[in-house]
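Each remark here refers to the structure printed beneath this line.
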Protein chains: 2
Amino acid sequence: MKKVNTLLDILKDRGYRLTPQRMMVLEAIEESSNHISAEEIYDRAKLKYPYLNRSTVYRTLELLKENGLVTETDLGEGRFLYHPAGKAQHHHLVCRNCTKVIDIDIDVLDKLRDDLRSGYGFEAELEHIAFFGYCRDCAEPSV
Amino acid sequence: MKKVNTLLDILKDRGYRLTPQRMMVLEAIEESSNHISAEEIYDRAKLKYPYLNRSTVYRTLELLKENGLVTETDLGEGRFLYHPAGKAQHHHLVCRNCTKVIDIDIDVLDKLRDDLRSGYGFEAELEHIAFFGYCRDCAEPSV
DNA sequence: TTTCTTGCAAAGAGTTTGCATTCCA
DNA sequence: TGGAATGCAAACTCTTTGCAAGAAA
């Protein structure tokens with residue numbers, strides 16, 4: 001029993017058909033260590049199941065989103081990234097100069113989360129956040 | 001003397017030519033009450049100066065960004081929004097359900113900025129951040 | 001004049017859609 | 001079998017780019 005089955009079962013329970021395409025898309029998302037783009041999902045899934053079309057990937061992602069099985073994130077890359085809903089998260093600091101990516105703990109944003117909740121009644125999705133700026137080595141913004 | 005002149009003067013001082021197109025784009029951004037998309041800038045500017053092409057708008061926006069005169073923001077709409085740099089800073093809370101945008105004070109992120117600086121030596125650009133989540137009225141993610 | 005800017009049109013990237021065909025339940 | 005899902009191709013949105021023509025300084 002692969003853990004992928006749980007998500008598939010949810011879909012099945014809700015009356016959706018379990019096609020090979022959907023399985024492959026789900027597996028690709030599950031197996032990705034972090035977030036993954038639609039194109040990457042397409043590439044990965046196609047390796048295992050070549051009879052797969054991009055539009056099917058997008059339609060499947062739409063379905064998974066609607067059912068709360070994957071989260072869609074916009075990190076300002078000009079495309080969306082996807083990951084299984086509920087997977088453990090961390091955040092990123094992206095250096096505008098050397099493009100280095102620093103992973104930071106999720107609890108750095110706890111205070112912020114609390115402030116937004118108490119101050120604005122806003123339940124923030126602080127998952128997969130990327131902050132841009134300049135790392136220690138590039139402290140002087142070289143414009 | 002319209003206040004737009006100050007930005008124009010900055011461009012002029014830096015050796016850029018003051019074309020009607022650039023003036024109209026700047027005016028459109030200045031006159032917009034909040035954030036404005038490239039398409040809206042194009043529409044507005046074109047009303048006053050019909051000899052204007054989309055690519056000129058994009059090229060002008062690129063120029064203004066490089067010179068720190070406008071800020072580009074990604075509110076997850078699938079396009080960028082622009083507003084004059086230096087205008088009262090704030091951040092955004094974007095509701096995933098009703099798409100409402102709540103403006104929040106910049107000092108909400110002061111703590112975070114300090115933590116990133118002391119903990120990671122990272123100088124974060126917390127200029128125009130958008131956080132996604134669910135507002136008070138949509139607190140229950142309606143799947 | 002001379003170099004910067006623009007317009008045009010085409011090309012991109014990412015995503016969506018209409019419709020006929022396929023295939024899961 | 002019948003309706004849901006897919007493949008295909010085309011369209012769509014937003015943005016970028018090459019190149020020749022135009023216009024600031």
Side-chain angles (χ1 to χ4, degrees), chain A residues 5 7-29 35-46 48-67 69-82, chain B residues 5 7-26 28-29 35-46 48-67 69-82 99:
Chain A
N5 286 351
L7 292 186
L8 281 178
D9 287 344
I10 294 176
L11 287 185
K12 188 172 189 179
D13 288 348
R14 297 184 186 177
Y16 298 105
R17 295 185 182 167
L18 301 192
T19 67
Q21 289 90 337
R22 284 177 176 171
M23 294 184 209
M24 292 306 112
V25 167
L26 262 178
E27 274 193 19
I29 297 172
H35 20 55
I36 184 172
S37 69
E39 188 66 20
E40 289 164 336
I41 291 170
Y42 173 69
D43 290 340
R44 286 199 197 202
K46 191 150 189 170
K48 297 185 185 169
Y49 188 80
Y51 311 102
L52 177 63
N53 192 269
R54 263 188 198 76
S55 51
T56 301
V57 172
Y58 282 105
R59 281 189 275 233
T60 300
L61 288 172
E62 183 65 27
L63 179 74
L64 296 173
K65 273 191 291 172
E66 286 171 5
N67 284 272
L69 302 182
V70 305
T71 300
E72 184 185 71
T73 313
D74 180 352
L75 293 189
E77 294 186 355
R79 62 179 180 176
F80 292 112
L81 299 182
Y82 302 87
Chain B
N5 285 352
L7 292 188
L8 282 178
D9 288 345
I10 294 176
L11 287 185
K12 189 171 186 180
D13 288 348
R14 296 185 186 177
Y16 299 105
R17 294 183 184 168
L18 302 191
T19 66
Q21 289 91 338
R22 285 177 175 170
M23 295 184 208
M24 293 306 111
V25 168
L26 263 179
I29 297 174
H35 317 77
I36 184 171
S37 68
E39 189 67 20
E40 288 165 337
I41 291 170
Y42 174 68
D43 290 341
R44 286 200 197 200
K46 192 151 188 168
K48 297 183 185 171
Y49 188 80
Y51 311 102
L52 176 63
N53 193 271
R54 264 187 198 76
S55 51
T56 301
V57 172
Y58 281 105
R59 280 190 276 233
T60 301
L61 288 172
E62 182 66 28
L63 180 74
L64 295 174
K65 273 191 290 174
E66 286 171 5
N67 284 271
L69 301 182
V70 305
T71 301
E72 185 185 70
T73 313
D74 180 351
L75 293 189
E77 295 185 354
R79 63 179 179 174
F80 291 112
L81 298 182
Y82 302 87
T99 73

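In what follows, chains carry the letters A, B, and so on, assigned in the order in which the sequence lines appear, proteins first and then strands, with residues in each chain numbered from 1. The basis for the numbers below is simple: all heavy atoms, side chains too, and nothing from hydrogens, waters or symmetry mates.
Nearer to the 5' terminus of DNA chain D, by closest-nucleotide assignment, is the contact made by A:Arg22 (compared with the other of B:Ala38 and A:Arg22). Mapping B:Gly15 and B:Ser55 onto DNA chain C by nearest heavy atom places B:Gly15 at the nucleotide closer to the 5' end. Along DNA chain D, the nucleotide closest to B:Phe80 and the one closest to B:Pro20 are compared, and the more 5′ of them pairs with B:Phe80.
Salt bridge absent: B:Glu62 and B:Arg59 never bring a charged side-chain N and a carboxylate O closer than 4.0 Å. Between A:Arg54 and A:Glu39 there is a salt bridge, since a side-chain N of the basic residue sits under 4.0 Å from a carboxylate O of the acidic one.
Within the 4.0 Å cut-off from OP1 or OP2 of C:dG7, not a single side-chain nitrogen or oxygen of B:Arg54 is found. Residue A:Gln21 has a polar side-chain atom (N or O) positioned under 4.0 Å from OP1 or OP2 of D:dG7. Applying the 4.0 Å criterion to OP1 and OP2 of C:dT15, one finds that A:Tyr58 has a side-chain N or O inside that range. Put simply, B:Asn53 has no side-chain N or O that comes within less than 4.0 Å of OP1 or OP2 on C:dT6. For C:dT5, neither phosphate oxygen OP1 nor OP2 lies less than 4.0 angstrom from any side-chain nitrogen or oxygen of B:Thr19.
Per the geometry, CD belonging to A:Glu62 stands 13 Å off P belonging to D:dT6, to the nearest Å. Residue B:Arg79 contributes atom CZ, which lies 6 Å from atom P of D:dC14 at whole-angstrom precision. Regarding B:Leu64, its CG atom lies at a distance of 12 Å from the P atom of C:dT5, rounded to whole Å. Summarising the geometry, the separation between OH on B:Tyr42 and P on D:dT16 is reported as 16 Å, rounded to the nearest angstrom. Per the geometry, CD belonging to A:Glu40 stands 14 Å off C1' belonging to C:dA13, to the nearest Å. In this structure, CG of A:Leu63 is placed 16 Å from C1' of C:dT16, rounded to the nearest angstrom. Per the geometry, OH belonging to B:Tyr49 stands 15 Å off P belonging to C:dT5, to the nearest Å. If you measure from atom OH of B:Tyr51 to atom C1' of C:dC8, you get 16 Å, rounded to the nearest angstrom.
Side-chain atoms of B:Arg22 come within 3.5 Å of backbone N or O of B:Arg17 as a donor-acceptor pair. Counting only distance, with no hydrogens or angles, the side chain of A:Glu40 and the backbone of A:Ser37 share a donor-acceptor pair below 3.5 Å.
Within the nucleic acid shown, A:Arg59 comes within 4.0 Å of at least one base atom, counting heavy atoms only. Across all strands shown, A:Arg17 has heavy atoms under 4.0 Å from base atoms, whether or not it also approaches the sugar-phosphate.
Here the shortest heavy-atom pairing between A:Leu61 and A:Val70 reads O-CG2, 4.4 Å.
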